[in-house]
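The chains referred to below are lettered A, B, ... by the order of the sequence lines, with proteins before strands, and numbering in each begins at 1.
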Amino acid sequence: MTSLTQSGPARPEDKAATAAHDRQKNLSRIGLVVAVIAIIGLIAAPFFVYPVFVMTVLCFALFATAFNLLLGYTGLLSFGHAAFFGGAAYFTAHAAKVWGWEPLSAILLGAAGAGLMGLVVGFVAIRRQGIYFAMVTLALSQMVYFIFLQAPFTHGEDGIQNVPRGDLLGLVDLNRPLNIYYFVLLIFLVGFFAVWRIVNSPFGHVLQAIRENENRAISLGYRVERYKLAAFVMSATIAGLAGGTKVIVLQIATLTDVAWQMSGEVVLMTLLGGMGTIFGPSIGATLVITMQNYFATSDVPVTVIVGVIFVLCVLLFRRGIVGEAIRLMKR
Amino acid sequence: MSSSPADAILSARGLTKEFLGFRAVSDVDLDVREGTIHALIGPNGAGKTTVFNLLTKFLTPSSGTIFFRGDDITGVKPADVARLGLVRSFQISAVFPHLTVLDNVRVALQRKAGLDTQFWRSNRVLDRLDDEANRLIDAVGLSAFAGHDAAELPYGRKRALEIATTLALDPPVLLFDEPMAGMGVEDIGRISDLIRRIAKGRTVLMVEHNLSVVADLCDRVTVLARGEILAEGDYDTVSSDKRVREAYMGSEDE
Ligand SMILES: Nc1ncnc2c1ncn2[C@@H]1O[C@H](COP(=O)(O)OP(=O)(O)OP(=O)(O)O)[C@@H](O)[C@H]1O
Ligand SMILES: [Mg+2]
């Protein structure tokens with residue numbers, strides 16, 4: 001076959017491309033600075049803020065980050081992600097309490113279980129598109145909810161309570177606040193880094209193409225169902241990592257973790273912070289958890305307050321907090 | 001069923017598509033000969049895009065058979081049709097809007113380079129595709145826009161980008177659905193030249209409304225009207241056909 005094109009010498013028009021490239025570079029440099037500041041802040045946080053609160057935020061931030069891998073970077077709106085978060089919570093709780101597993105193994109078991117559930121749910125759901133995809137994930141997660149409601153090991157309405165924190169690898173006593181805090185921080189950072197790596201990988205590049213124009217990706221020879229399923233399993237696994245870790249922190253797994261409201265909450269966190277941005281979901285999760293804590297004792301139901309703030313945010317900045325910030329910086 | 005000629009790389013026999021009882025494509029027999037530029041023309045709503053969708057399996061035929069290099073590909077999935085070497089563009093320009101022009105082309109290149117499943121590596125490995133991507137971008141006249149989001153491009157330039165991503169796959173057969181729609185005269189000239197150049201050693205099937213482009217570029221023309229083939233032959237034969245003139249009456253003919 002003949003060669004398509006011949007290369008020419010560099011021309012002044014290449015400058016425009018270079019400028020856009022520089023802008024991109026600047027943004028990633030800002031991202032790096034933000035990450036470093038955030039990590040330093042998180043290392044110092046337990047000395048200033050109630051550690052259990054920060055750990056709860058970290059778990060939900062990781063959950064939302066995992067969810068964003070699907071919504072923000074693959075273009076799939078799952079309305080059943082509580083199944084993976086809550087499912088992992090039950091698995092981890094059972095392993096730690098009944099089987100007496102060491103906490104890290106219990107958490108990893110939870111993540112693996114969530115990944116398996118993701119494989120099944122994803123396999124059924126990825127054949128559907130748009131709102132139908134959301135409906136199938138919702139329906140399947142409701143089935144999961146009822147299974148957990150009925151299964152004896154979950155103890156129905158009571159949930160699995162008093163889950164022991166145990167000794168990490170049999171060495172580090174997680175009942176000490178700082179020990180468990182840095183353990184949770186480490187898990188968060190590993191999970192967060194995993195999502196960041198996936199998003200900024202060749203595979204992630206294909207995911208974004210699918211998000212942008214699925215038919216075009218197909219016509220370029222991509223078997224898109226495989227990429228979507230892989231992304232779904234990765235997202236479910238990391239959501240499970242978050243759910244399992246939450247159990248070790250709060251020492252309880254309940255039906256709330258698998259309920260549809262939880263699926264809605266993670267959508268809200270992600271949209272609020274900015275879907276398709278790497279830091280957005282964490283910021284959204286921080287806001288939502290903070291509000292829930294702050295208004296927990298008020299007379300108006302928390303959901304109403306969070307709902308109103310959500311509506312306001314969506315009206316004021318469509319792209320979410322981080323999304324709008326990036327847009328301003330790109331100017 | 002008649003057999004297809006030996007030099008046909010892409011053939012259809014009895015190709016039919018019904019939408020809720022409406023026959024958009026009706027019993028179409030088509031042979032695209034290897035190494036030719038073949039035009040599919042016809043009035044609006046004739047079924048040209050539907051034929052493209054059927055040939056590339058974006059739609060499932062109600063009946064009929066499709067052959068690629070003699071093999072029956074009627075049951076093959078669209079992504080696998082592309083992998084076989086039959087790659088299409090879309091009438092409604094299909095780009096990845098929030099990726100840069102460069103990234104649009106890199107998406108097309110990375111699968112063949114085996115860089116499509118690695119989720120553990122930095123996407124900086126895709127930089128090695130840049131030389132080839134930039135050459136393709138240059139060939140369609142988009143060098144100045146390489147760093148821009150595809151969404152920012154005017155319509156004609158989006159079409160040019162789509163052609164660049166299609167070419168990136170280096171396929172033996174290209175299907176273009178109105179590749180020059182929305183382009184200015186200068187760009188039409190550029191894209192015509194490009195298609196002529198890439199058609200050396202390849203086969204092109206294209207839908208095109210601009211008949212002077214068809215006359216200039218295409219070896220063979222198939223005219224479709226109301227889902228049926230009206231005429232087929234070289235441009236002069238087809239354009240002097242009485243029924244074709246009727247179908248086109250009052251429209252773009254010289
Ligand atoms: N998915 C669909 N469902 C129902 N009808 C359809 C569908 N796709 C196409 N049609 C109908 O089939 C007929 C052929 O459409 P098609 O898009 O193939 O025409 P075309 O020759 O490409 O026209 P144009 O020159 O305007 O692009 C039209 O009447 C159209 O309305
Ligand atoms: Mg058409």
Side-chain angles (χ1 to χ4, degrees), chain A residues 1-25 28 69 73 75 193-227 230-231 233-234 276 330, chain B residues 56 58 77-83 87-90 94-104 106-108 110-112 115-126 131 134-136 138-139 143-150 162 165-170 172 194 197-198 200-202:
Chain A
M1 245 157 246
T2 51
S3 110
L4 296 179
T5 53
Q6 60 280 74
S7 57
R11 276 144 317 144
E13 11 195 86
D14 292 343
K15 268 192 192 146
T18 318
H21 193 249
D22 284 350
R23 216 167 35 175
Q24 202 60 45
K25 245 189 185 163
S28 36
L69 175 60
Y73 293 100
F193 176 79
V195 172
W196 177 80
R197 172 39 83 225
I198 293 166
V199 164
N200 292 294
S201 71
F203 171 77
H205 203 238
V206 177
L207 292 186
Q208 288 169 55
I210 293 172
R211 172 195 73 191
E212 290 291 303
N213 192 333
E214 184 167 346
N215 274 339
R216 185 55 179 157
I218 293 172
S219 76
L220 294 177
Y222 287 106
R223 295 164 174 153
V224 295
E225 321 84 44
R226 298 187 188 190
Y227 295 87
V233 172
M234 290 173 186
K330 270 192 176 172
Chain B
T56 50
F58 275 79
K77 289 191 175 138
D80 295 319
V81 170
R83 284 165 173 248
V87 179
R88 67 170 303 177
S89 71
F90 291 82
V95 295
F96 305 114
H98 296 101
L99 299 185
T100 62
V101 167
L102 180 65
D103 276 334
N104 265 267
R106 297 209 301 187
V107 168
Q110 73 182 92
R111 182 174 59 76
K112 274 199 169 172
L115 295 172
D116 56 327
T117 55
Q118 303 180 337
F119 60 85
W120 58 90
R121 292 179 82 176
S122 163
N123 56 11
R124 240 173 279 147
V125 296
L126 297 178
D131 284 344
N134 281 320
R135 243 178 286 134
L136 289 156
D138 197 33
S143 296
F145 302 94
H148 289 237
D149 277 2
E162 200 187 340
T165 55
T166 308
L167 289 178
L169 298 191
D170 193 17
L194 179 66
R197 191 142 39 93
I198 61 173
K200 296 212 176 77
R202 290 193 180 75

Participant: Are there residues of residues 216-223 of chain A whose heavy atoms fall under 4.5 Å of chain B's heavy atoms? If so, which?
Facilitator: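 Result: A/Arg216, A/Ala217, A/Ile218, A/Ser219, A/Leu220, A/Gly221, A/Tyr222, A/Arg223.
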
Participant: Minimum heavy-atom separation for A/Tyr227 and B/Asp116, please, with both atom names.
Facilitator: OH-OD2, 2.6 Å

Participant: Between A/Pro202 and B/Ser122, what is the shortest heavy-atom contact and its length?
Facilitator: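 Closest approach of A/Pro202 to B/Ser122, heavy atoms only: CD-O, 3.9 Å.
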
Participant: Considering only heavy atoms, which portion of B/Thr165 lies under 4.5 Å from any heavy atom of chain A: side chain, backbone, both, or neither?
Facilitator: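 For B/Thr165, heavy atoms of backbone and side chain both lie under 4.5 Å from chain A.
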
Participant: Heavy atoms only: give me the nearest B/Gln110-A/His205 pair and the separation to one decimal.
Facilitator: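 Smallest heavy-atom distance, with atoms named: OE1-ND1, 2.6 Å.
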
Participant: Given a strict heavy-atom distance threshold of 4.5 Å, which part of B/Val101 is in contact with chain A: side chain, backbone, both, or neither?
Facilitator: neither

Participant: Quick one: what part of B/Leu126 sits under 4.5 Å from any heavy atom of chain A, side chain, backbone, both or neither?
Facilitator: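 B/Leu126 touches chain A through side-chain heavy atoms alone.
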
Participant: Does any part of the side chain of B/Pro97, heavy atoms only, come nearer than 4.5 Å to the side chain of A/Glu212, both counted from C-beta?
Facilitator: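 Of all side-chain heavy-atom pairs linking B/Pro97 with A/Glu212, at least one is under 4.5 Å.
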
Participant: Taking all atoms of both residues into account, what is the closest heavy-atom pair of A/Asn213 and B/Phe96, and its distance?
Facilitator: O-CE2, 3.5 Å

Participant: Restricting to salt bridge (Lys or Arg N to Asp or Glu O under 4.0 Å), what partner residues turn up for B/Arg106, sequence neighbours left out?
Facilitator: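 If we apply the salt bridge (Lys or Arg N to Asp or Glu O under 4.0 Å) test to B/Arg106, skipping adjacent residues, the hits are B/Asp103, B/Asp127, B/Asp130.
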
Participant: Answer with side chain, backbone, both or neither: which region of B/Thr56 has an atom nearer than 4.5 Å to a non-hydrogen atom of chain A?
Facilitator: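 For B/Thr56, neither part sits under 4.5 Å from chain A.
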
Participant: Could you tell me which portion of B/Val107 (side chain, backbone, both or neither) has an atom closer than 4.5 angstrom to a non-hydrogen atom of chain A?
Facilitator: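 Both backbone and side chain of B/Val107 come within 4.5 Å of chain A.
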
Participant: Among B/Arg111, B/Glu162, B/Gln118, B/Arg88, which residue forms the greatest number of heavy-atom pairs with chain A at distances under 4.5 Å?
Facilitator: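 Ranked by heavy-atom pairs under 4.5 Å with chain A, first place is B/Arg111.
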
Participant: Let's test your reading of the structure: which of B/Asp80, B/Val81, B/Asp131, B/Asn104 forms the most heavy-atom pairs below 4.5 Å with chain A?
Facilitator: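 Option with the top pair count is B/Asp80.
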
Participant: Under a 4.5 Å heavy-atom cutoff, which of A/Val224, A/Val199, A/Asn200 has the most pairs with chain B?
Facilitator: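 Winner by heavy-atom pair count: A/Asn200.
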
Participant: Among B/Val125, B/Thr166, B/Asn123, who wins on heavy-atom pairs under 4.5 Å with chain A?
Facilitator: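 Of the candidates given, the most pairs with chain A belong to B/Asn123.
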
